[in-house]
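Source: prediction; values computed, not measured. All values below were derived from every heavy atom in this structure, side-chain atoms included, with hydrogens, water molecules and symmetry-related copies excluded. For ligands, and for the atoms within them, numbers begin at 1 and follow the listed sequence. Throughout, numbering of the chain's residues begins at 1 and tracks the sequence.
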Amino acid sequence: MPFNERADEKDKIINLLHSPDFVVFESQFGAQTLMLLGGVLILLLLLFLLFAFIVVGVVFLSIKHGKFYFPKLIRTGFSYMEGVIKRICAIFGLQEDELTIFFIQLHNRMSEGDFAKIDMKDRAIFLPHCLRSSKCPATLTLEGLFCQHCGNCDLDNSIKELEEMGYRVFIVPGSTFIGRMVKKYMPRAIIGVGCLREIKDGLEFADNLGVVVMGVINRTDGCVETLANWPELMKVASLKAPKI
Ligand code: SF4
């Protein structure tokens with residue numbers, strides 16, 4: 001193309017870009033794109049809320065009937081939108097602690113099949129040190145608190161019983177201890193005993209490590225001389241896969 005024709009073409013394009021029509025087209029296109037994006041965002045938000053309400057509905061139904069309906073759906077909901085679900089549940093009168101208990105029970109129900117298949121020698125139990133008597137003479141070791149079997153608390157016989165079953169039993173002195181022992185002994189399944197918050201965090205921690213975990217909630221909260229739910233712990237600890 002000769003030089004003067006190319007210059008004409010260029011001028012035409014520049015004129016078009018500066019023409020009022022083009023500015024109107026450009027602003028219309030921008031507005032439509034923004035509206036479309038806004039619409040998509042609102043739709044996603046509505047779907048998100050709808051899913052949260054469905055999960056809450058299933059949670060309430062499960063609690064009412066004492067059954068776990070659609071456990072995988074509930075668990076997925078908890079994984080991705082726990083905060084929203086808690087708030088919606090609170091609006092309908094279900095408090096955070098009740099929801100946490102429900103979540104732990106659900107988690108146990110979903111894990112018990114896998115747990116039962118694992119040999120007791122490949123399992124470990126982590127007991128909180130607050131179960132001890134305030135006069136406990138246990139010594140602190142690298143493997144946790146070492147019970148002297150003085151008879152001042154329920155840990156005495158329970159530890160013996162659990163060890164006879166084949167379990168590796170630990171009295172946990174601090175928060176980083178469990179991770180260290182799991183790394184060292186690599187149990188395939190663990191039972192965590194403690195208060196609500198400890199159990200919930202422990203379940204998430206073990207899930208992330210890919211270790212099968214069951215939680216047993218203490219009967220009482222606090223830092224000193226708490227009470228474990230021993231019958232429940234023994235029931236969970238005794239889980240075995242049926243012989244075929
Ligand atoms: S039985 Fe063991 S854990 Fe309990 S108070 Fe005595 S030494 Fe401590």
Checklist entry - Closer than 2.8 Å to atom 6 (Fe) of ligand 1, do we get an N, O or S atom from C150, backbone or side chain? => result yes
Checklist entry - Numbering the atoms of ligand 1 from 1, which are under 4.0 Å from a heavy atom of S133? => result 5 (S)
Next on the checklist: Please check if the number of heavy atoms outside K160 that lie under 6.0 Å from its NZ is greater than 12.
Outcome noted: yes
Item to check | Element-labelled atoms of ligand 1 that are located less than 4.0 Å from some non-hydrogen atom of D156 | outcome: 1 (S)
Checklist entry - Quick check: does C153 put an N/O/S atom under 2.8 Å from atom 8 (Fe) of ligand 1? => result no
Item to check | M234, CE atom: more than 12 neighbouring heavy atoms under 6.0 Å | outcome: yes
Item to check | Identified side-chain contact (heavy atoms from CB on, under 4.5 Å) counterpart of I217 within the set N108, I101, N229 | outcome: I101
Checklist entry - Where is the nearest protein heavy atom to atom 7 (S) of ligand 1: which residue, which atom, and how far? => result Q148 N, 3.2 Å
Item to check | Ring centroid separation Y80 to F51 under 6.0 Å | outcome: no
Checklist entry - Do other residues, nucleotides or ligands put more than 12 heavy atoms under 6.0 Å from R87 CZ? => result no
Item to check | More than 12 heavy atoms of other groups within 6.0 Å of Y185 OH | outcome: yes
Item to check | Numbered atoms and elements of ligand 1 in range of R132, under 4.0 angstrom, heavy atoms | outcome: 3 (S)
Checklist outcome for this item: heavy-atom search around atom 2 (Fe) of ligand 1 in the protein gives C147 SG, 2.3 Å
Checklist entry - Would one find an N, O or S atom of H149, in either backbone or side chain, under 2.8 Å from atom 2 (Fe) of ligand 1? => result no
Checklist outcome for this item: Taking only non-hydrogen atoms of G151 and a 4.0 Å limit, the atoms of ligand 1 in range are 1 (S)
Item to check | atom 8 (Fe) of ligand 1: the protein heavy-atom neighbour that sits closest, reported with distance to 0.1 Å | outcome: C136 SG, 2.3 Å
Checklist outcome for this item: For C147 and I159 the tightest heavy-atom approach is CB-CD1, 4.0 Å
